[in-house]
Amino acid sequence: MVGDGEATGATVPADTWEVEDQPRLPIEDGEPKLIVDVDGFEGPLDLLLALSRAQKVDLARISILELADQYLQFIEAVRTRRLELAADYLVMAAWLAYLKSRLLLPVPPKDDEPTGEELAAELARRLRRLEAMRDAAVALMGRNRLGRDVFRRGMPELMVVENRPVFEASLYELLTAYADHRQRRMITSVRVERRQVWALAQAREILERLVGELNDWTSLDVFLATYIPAEERATVLASSFSASLEMVREGQLELRQSRAFGTLYLRRARGDDAQGGSARGGGVAGTEDDGKR
Amino acid sequence: MSVDHDHLRIVEALLFASAEPLSTAVLAERLPHGADAEAVIEELQRQYETRGVRLVRVAGKWMFRTAEDLSYLMSREVEEPRRLSRAAVETLAIIAYHQPVTRAEIEAIRGVSASKGTLGMLLETGWIRLRGRRRAPGRPVTYGTTEAFLTHFGLDAIQDLPGLDDLKGAGLLEGQIPPGFHIPLPSDDPALTDSEDPLESEDLADLAPNDEE
Amino acid sequence: MSVDHDHLRIVEALLFASAEPLSTAVLAERLPHGADAEAVIEELQRQYETRGVRLVRVAGKWMFRTAEDLSYLMSREVEEPRRLSRAAVETLAIIAYHQPVTRAEIEAIRGVSASKGTLGMLLETGWIRLRGRRRAPGRPVTYGTTEAFLTHFGLDAIQDLPGLDDLKGAGLLEGQIPPGFHIPLPSDDPALTDSEDPLESEDLADLAPNDEE
């Protein structure tokens with residue numbers, strides 16, 4: 001509480017890591033110039049954040065529609081140049097295309113679906129949160145750090161530590177020793193073929209990570225079709241479908257189909273009533289309020 | 001304010017001689033019975049206020065450190081601290097502000113799967129630690145920061161993280177945890193939170209990866 | 001006598017943070033051009049004369065040292081902490097994850113025979129204990145971890161040790177994991193397992209550390 005209140009003010013020395021201030025994606029009139037390889041980005045959210053910075057407005061007032069357009073243009077352009085794009089980017093593209101349609105088309109009022117605006121607000125919130133954490137990281141690393149800016153006694157005469165153990169070993173040492181050792185004894189001659197299928201777990205994980213929470217009835221397959229190569233479409237659909245069945249059984253998802261062979265819609269199970277137990281679990285569950293903030 | 005000069009000397013000697021922060025309790029233990037350790041520390045802090053070395057409070061304890069404005073002078077011969085990758089720094093910030101937090105939650109915030117080794121490297125720095133397991137499907141390990149983190153970054157408590165109040169006010173720390181279940185503030189309290197569990201043996205059966213031989 | 005306060009602060013900070021005594025020449029080098037280093041040191045020495053810490057000259061160089069009359073404070077806890085050897089850490093980890101485990105089983109997992117002192121030394125740390133005897137030919141002793149182990153490593157329960165997914169997630173296990181590979185889910189349940197018999201008191205005599213063959 002005392003002593004270093006002005007810590008950040010005094011001197012902000014050179015960072016120990018590179019802060020990349022300049023946008024890595026120069027934009028002119030909304031036209032992405034593909035100077036930068038998509039590998040330069042740390043995932044679709046990072047790319048979205050870079051694009052939104054180029055809009056030069058407060059993230060709270062950003063045009064998500066415009067952002068979605070830029071992202072889709074970018075992905076299109078990359079796809080014409082490079083054949084492969086990480087699945088993450090494609091799933092995000094599909095979701096943004098879906099979001100765009102929700103924003104543009106009037107949606108018939110149906111039960112308690114969030115509107116396109118609410119979905120857009122939630123995306124904006126996620127971008128703000130990522131940006132906030134980036135800023136926090138810069139602030140943290142810019143503090144006066146012990147051993148770099150401020151120093152402890154160089155010739156300690158006393159090693160008083162409460163309950164100081166006579167023997168030293170850290171949990172990290174313990175774990176690395178164990179993992180290294182198990183790794184060494186592992187049979188490593190396993191050859192893995194390039195995967196042509198989307199594993200169930202992968203489909204589920206990507207969806208959860210990117211979209212965060214499927215708060216509304218969503219059908220991704222329509223949009224995925226645009227971005228996933230035809231030969232992979234079947235496996236993507238199959239994996240997504242069985243993954244969703246599994247999650248319905250666990251009480252995490254709801255599934256809806258209005259007629260036979262009709263489009264399947266899925267959403268996160270409402271966590272307020274019967275399913276409360278599993279939905280409040282934390283990891284995957286979303287907040288109802290978040291989108292309206 | 002009158003503080004016994006001998007008490008002052010004792011606390012000064014102990015703090016000067018130690019490279020680690022010392023708690024008020026440890027200092028009090030070495031003072032004559034009945035001495036007011038807090039008053040002694042306060043007076044000592046006052047006396048060093050304008051000196052080249054200052055008495056500061058980190059992680060709830062006390063330590064002498066060189067004055068901040070002299071860093072230009074001191075850092076001349078310091079070997080470059082290990083460079084952390086951008087991903088590692090970002091992950092560290094997320095853990096600090098969102099703790100206790102699971103890897104999946106970190107990934108959800110960054111929108112990208114954790115690169116191999118990032119958490120391992122942060123564990124190696126000694127700034128983060130495994131806290132427990134989240135009471136949620138899969139019961140993933142939760143991460144939090146350590147006392148070494150507070151000491152290194154000169155923080156008295158995790159609540160002193162820069163900009164914490166603003167972030168909280170903007171609702172950016174709530175993550176995906178339903179409001180009402182948690183106080184949306186980071187906590188490095190060693191005690192497990194409501195949503196964290198040590199495992200019980202009967203839970204373990206379904207968790208063991210490939211448990212059968 | 002008037003000495004520039006800033007010069008005083010600089011010398012004070014340098015001497016405080018230095019890992020070795022500094023000569024007047026080295027200190028003068030860090031002071032602004034034209035500053036009288038000797039006068040600064042002299043003044044600093046005077047200021048610390050009555051304090052818990054003194055500025056002393058050793059082999060022609062300068063260093064801070066606890067005042068003589070307070071040296072009794074330093075004599076506590078002079079015991080040097082002992083680092084565990086790599087083999088000991090590995091053995092400890094295997095006991096933690098695979099307990100209850102016998103010496104032969106540890107050797108089988110490690111692929112090398114355990115050096116005589118390793119288990120004895122681990123017993124000395126108080127982190128492992130003898131649990132019982134395996135109901136098997138030879139009735140070998142089984143080992144497990146103690147509560148002191150959990151306390152030292154900051155674990156709430158032995159089940160909080162990271163599993164396969166967590167180790168992979170932290171980048172500690174890399175590459176392709178062969179099918180069938182698994183990390184056991186540890187249990188330090190004090191109750192003996194079906195395959196263990198209690199120790200008998202006469203066993204304990206020949207089990208003292210370093211006493212084994």
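Everything numeric here is computed off the predicted structure, so don't read it as measured data. Below, read A as the first sequence line, B as the second, and so on, with proteins coming before strands; counting in each chain starts at 1.
Pairing each heavy atom of Ala179(A) with each of Leu173(C), the nearest pair is O-CD2, 3.6 Å.
Residues Glu90(C) and Arg182(A) are not paired through a salt bridge, judged by the lack of any N-O separation under 4.0 Å between the basic side chain and the carboxylate.
Looking at Arg86(C), only its side chain comes within 4.5 Å of chain A, counting heavy atoms on both sides. For Arg153(A), the parts sitting under 4.5 Å from any heavy atom of chain C are the backbone and the side chain alike. In this structure, the portion of Leu155(C) lying under 4.5 Å from any heavy atom of chain A is its side chain and not its backbone.
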**Request:** Give the C-alpha distance, both sets of side-chain angles, the deciding distance and a yes or no for side-chain contact (heavy atoms from CB on, under 4.5 Å) between Tyr97(C) and Leu175(A).
**Result:** CA-CA 10 Å; Tyr97(C) 272 98; Leu175(A) 297 180; 3.6 Å; yes
**Request:** For the pair Glu173(A) and Phe153(C), evaluate side-chain contact (heavy atoms from CB on, under 4.5 Å) and give the outcome as yes or no after the intermediate values.
**Result:** CA-CA 10 Å; Glu173(A) 284 172 297; Phe153(C) 290 100; over 6 Å; no
**Item:** side-chain contact (heavy atoms from CB on, under 4.5 Å) evaluation trace for Leu174(A) with Phe149(C)
**Value:** CA-CA 11 Å; Leu174(A) 189 74; Phe149(C) 172 86; 3.7 Å; yes
**Request:** Evaluate side-chain contact (heavy atoms from CB on, under 4.5 Å) for Leu14(C) paired with Phe151(A), printing each intermediate quantity in order.
**Result:** CA-CA 9 Å; Leu14(C) 286 170; Phe151(A) 295 83; over 6 Å; no
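With a 6.0 Å radius and a threshold of 12 heavy atoms from other residues, nucleotides or ligands, Arg129(C) has its CZ atom above the threshold. Few gaps surround CD on Gln45(C); more than 12 heavy atoms of other groups in view lie less than 6.0 Å from it. Atom CD of Glu147(C) sits in a sparse spot, with 12 or fewer heavy atoms from other residues, nucleotides or ligands closer than 6.0 Å.
If you tally non-hydrogen atom pairs under 4.5 Å between each of Leu167(C), Thr151(C), Thr66(C), Thr91(C) and chain A, the highest count goes to Thr66(C).
Here CE of Met155(A) is found 4.0 Å from CE of Met63(C). Values are rounded to the nearest 0.5 Å.
Checking side-chain atoms of His152(C) against main-chain N and O of Ala169(A) turns up a donor-acceptor pair under 3.5 Å.
The closest side-chain heavy-atom distance from Leu171(A) to Leu161(C) is below 4.5 Å. At least one side-chain heavy atom of Ile183(C) sits less than 4.5 Å from a side-chain heavy atom of Tyr178(A).
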